[in-house]
Amino acid sequence: MPHSPPPFSNTPYVGRFAPSPTGALHFGSLVAAVGSFLDARAHQGRWLLRIEDVDAPRTVPGAAEGIIATLERFGFEWDGEIVWQSARTATYAAALETLKAAGHAYPCTCTRRELADQPLARDGSRRYPGTCRDGLPPGREGRAWRVRAEGVIRFDDAVQGTQQIDLAADAGDYVIRRADGLFAYQLAVVVDDAEAGVTHVVRGADLLDSTARQIHLLGLLGQTVPAYAHLPLATNAAGEKLSKQTLARAIDEHPPATALLAALRFLGQNPPAALAAAPLAEIWQWARAHWSIAAVPRRRQAEAPGFH
Ligand code: GLU
Ligand code: ZN
């Protein structure tokens, strides 16, 4: 159930959980929800819920409602109204106009096929060779919008340590509006976090490689950069990120107390054995009182036995 912030609270911490409604919550998404929620509450902070349905073709009808129901069943409490990215197109469009007006964004005509020979960036996308940077080739029309990306981004991740990424050498100029007209995740997440005043981003380490671009984009938009903590990613025995593709089981197939205890252990917290038979509320109480981000394993991924 949503609950209101305590009166006179002036603590600056604002955290969030931002699931993509591409399917049911699985153990990996539960870990991100638990970590971001506990870190916010340990700081007397706010914890926001945002449904990242900006990628309409990947959105599964009913998945968002299912995720919300699961979060409620687990006893999560978020602050304020849920934000839906699908309702925020005008805000993303305004950010794109700002970037265009400042000369940071340019149209790109390149197709996936034309970029197929480029080296892979750390996140698996193709590095952009800069073909349309100084203008579209004659006779071609712009399809996507990209941002000029230069410089080295450094940040201290609370779990993964110091990160340093050379934007040009990694992904190059990246897409902020896709050829299909949809706004890219990188733009939406940055605009939404900035507008909500998010101060701390706690999420899965699969997004560590996007973070440099997001910090870069925040800078171009004149926004403050939040603190980051990237939690180990839950994998199956083959080391693959749990997802619909790996047929990860919905977390709803497990009793919430069991799943919550497993998520706490996955995050390096050390719930006492006596909690194994405790009701959900008691486990939450323990977790809120004992949360330690310093105890989270400094790994990018780990297997989640029993929760594939
Ligand atoms: N929507 C993204 C996901 O579910 C998370 C985005 C974020 O936390 O920044 O993978
Ligand atoms: Zn291009």
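One-based numbering, in listed order, for ligands and for the atoms of each.
In this structure, the protein non-hydrogen atom closest to atom 5 (C) of ligand 1 is A18 O, 3.3 Å. If you check which protein heavy atom lies closest to atom 3 (C) of ligand 1, you get S20 OG, 3.5 Å.
Aromatic rings from F37 and W291 are positioned such that their centres are separated by 6.0 Å or more. Aromatic rings from F183 and W145 are positioned such that their centres are separated by 6.0 Å or more. Aromatic ring centres of F27 and F266 lie closer together than 6.0 Å.
Of the options Q160, H230, H216, a side-chain hydrogen bond (donor to acceptor under 3.5 Å, both in side chains) to T211 is made by H230 and by none of the others.
Salt bridge D157/R298: absent, no basic N to carboxylate O contact under 4.0 Å.
Around atom 8 (O) of ligand 1, the closest heavy atom drawn from R16, R50, E52 belongs to R16.
Any N or O atom pair closer than 3.5 Å counts here, and Y185 shares at least one such pair with ligand 1. Looking at L207 next to ligand 1, no N or O pair under 3.5 Å apart turns up.
Contact analysis leaves F17 out of contact with ligand 1, as no non-hydrogen atom separation drops below 4.0 angstrom. Under the 4.0 angstrom criterion for non-hydrogen atoms, Q214 is not in contact with ligand 1.
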Exercise for the section: Give the C-alpha distance, both sets of side-chain angles, the deciding distance and a yes or no for side-chain hydrogen bond (donor to acceptor under 3.5 Å, both in side chains) between D53 and T59. Expected result: CA-CA 6 Å; D53 55 354; T59 297; 5.6 Å; no
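Ring geometry for W78 against W47 counts as tilted: the plane angle lies between 30° and 60°, on a 0 to 90° scale.
Each of the atoms 9 (O) of ligand 1 lies under 4.0 Å from some heavy atom of V189. Those atoms of ligand 1 that come under 4.0 Å of a heavy atom in R203, given as number and element, are 7 (C), 8 (O), 9 (O).
Rounded to 10°, the angle formed at the Zn ion (ligand 2) by OH of Y128 and SG of C132 is 100°.
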